[in-house]
Amino acid sequence: MHEHVFVLSPEIHNNFPEVWGDEANREADAVARLTELKSRGVDSIVDLTVIGLGRYIPRIARIAAQTDINIVVATGVYTYNDVPMYFHFSGPGTPLGEPMVEMFVGDIEQGIAGTDVKAAILKCATDEPGVTPGVERVLRAVAQAHRQTGVPISTHTHAATRRGLEQQQIFTQEGVDLSRVVIGHSGDTTDLDYLEELVGNGSYIGMDRFGVDVFLSFEERVDTVARMCERGHADRMVLSHDAACLMDWLPEDLVPVMMPNWHYLHIHNDVIPALKERGVTDEQLTTMLVDNPRKIFENQGAY
Ligand SMILES: [Zn+2]
């Protein structure tokens, strides 16, 4: 429910092409990784790469055509602070109005950038700086596009500062049904009170950074999911890695050293066996990995 094929900085690549390197090699690497994931029983991934993360759909479409895995793509804007300069002079209350809502709705209803690939989920972010004016603008635009189209919302949060609750507040003000929202990166904390508050407000929570062990250890991530299952919340959790074939924000050779488990196969190789050892049942695993994602996407319709 929260992966990436690539997280990239296209303007850097345009001017420093050595960062990206050979296009054919990059695409072949992605095809190989996704094909391996499919061979482990994963039929679909959700690629939450939006504006700000280097979304480029023609490349994703080429890769998807070479694997049997389904890649569900997203629309939205990813920022922790300001909106991108493209949006600086527009927005609610300006003569130009808010262009984001129409852009998101077009991606969902018409297709992205002249392709027939439609976004099936909306994405926004709140990090440590909190609900800055730029972040609030994106959250509200995402909420409005959600109500116009009915596709679900998935978020990035900074769990240590309980940012998910602020997102829920803004979504509620915009009339969003919180059961149609996944509060992402919730697995970065062991704070069960916070997690139960998010779930109590009706949202799904993303235990979605397995492998990002620099934020929280493998053992703590597994333990938190197991304890939430014990408390009866398997029906509100989804599992993921937030991994990518390349994320150019970090030195490429350093990532496998810093975070050796941060790849698409970690859940199947390590997390599922560890959860089972902690008493999580096969039924609960199916709920988190199959049934919940299906319910999130089945719950359609504008309102
Ligand atoms: Zn992500």
Side-chain angles (χ1 to χ4, degrees), residues 1-10 30 33-34 37 42 44-57 59-60 63-64 69-81 84 104 107 112 119-129 134-135 138-139 142 146 151-161 163-164 167 181-189 198 203-216 221 225 237-250 252 255-256 258-259 261-267 271 288-289 292-293 296-297:
M1 282 300 287
H2 189 145
E3 305 293 348
H4 301 271
V5 181
F6 296 113
V7 175
L8 304 176
S9 310
R33 288 171 188 260
L34 291 167
L37 182 59
V42 174
S44 307
I45 63 162
V46 179
D47 180 352
L48 289 180
T49 307
V50 295
I51 304 303
L53 297 173
R55 188 184 72 176
Y56 183 58
I57 291 301
R59 176 183 293 132
I60 301 304
I63 290 165
I69 212 161
N70 302 310
I71 305 174
V72 176
V73 302
T75 187
V77 167
Y78 184 93
T79 179
Y80 299 168
N81 295 290
F104 300 159
D107 279 356
I112 298 169
I121 190 162
L122 285 147
K123 164 86 172 287
C124 53
T126 315
D127 203 83
E128 207 168 357
V135 165
V138 175
L139 261 54
V142 159
H146 158 73
V151 305
I153 298 173
S154 188
T155 74
H156 164 109
T157 63
H158 186 260
T161 48
R163 293 294 180 223
Q167 291 180 338
V181 177
V182 182
I183 301 294
H185 305 340
S186 298
D188 284 350
T189 182
L198 292 174
S203 297
Y204 289 87
I205 53 175
M207 313 308 268
D208 55 15
R209 273 180 161 174
F210 278 103
V212 188
D213 298 334
V214 290
F215 286 173
L216 192 68
R221 287 181 188 279
V225 171
M237 290 188 284
V238 290
L239 310 181
S240 262
H241 308 96
D242 197 13
C245 302
L246 174 68
M247 184 202 210
D248 70 13
W249 302 358
L250 299 165
E252 194 177 354
V255 172
M258 283 167 53
M259 295 182 284
N261 291 323
W262 196 34
H263 56 77
Y264 297 144
L265 302 178
H266 179 46
I267 287 178
V271 175
M288 294 187 282
L289 289 165
N292 293 344
I296 289 163
F297 283 108

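Counting convention: from 1, in listed order, for ligands and their atoms alike. Residue numbers run from 1 in the order of the sequence given.
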**Prompt:** When you measure from the Zn ion (ligand 1) to each N, O or S atom of Asp242, which atom gives the shortest distance?
**Reply:** OD1
**Request:** Check Asn292 against Val238 and note the closest heavy-atom contact, atom names and distance.
**Result:** CB-CG1, 3.8 Å
**Item:** Heteroatom test (N, O or S) for His156 near the Zn ion (ligand 1), limit 2.8 Å
**Value:** no
**Asked** Does any N, O or S atom of His2, backbone or side chain, fall under 2.8 Å from the Zn ion (ligand 1)?
**Response** yes
**Request:** In sequence, state the C-alpha distance, the side-chain angles, and the governing distance for Val46 and Ser154, and then conclude on side chain to side chain contact (heavy atoms under 4.5 Å, CB included).
**Result:** CA-CA 10 Å; Val46 179; Ser154 188; over 6 Å; no
**Message:** Just checking His185 against His2, ring centres under 6.0 Å apart?
**Reply:** yes
**Asked** Would you say Tyr80 has more than 12 foreign heavy atoms packed within less than 6.0 Å of its OH?
**Response** yes
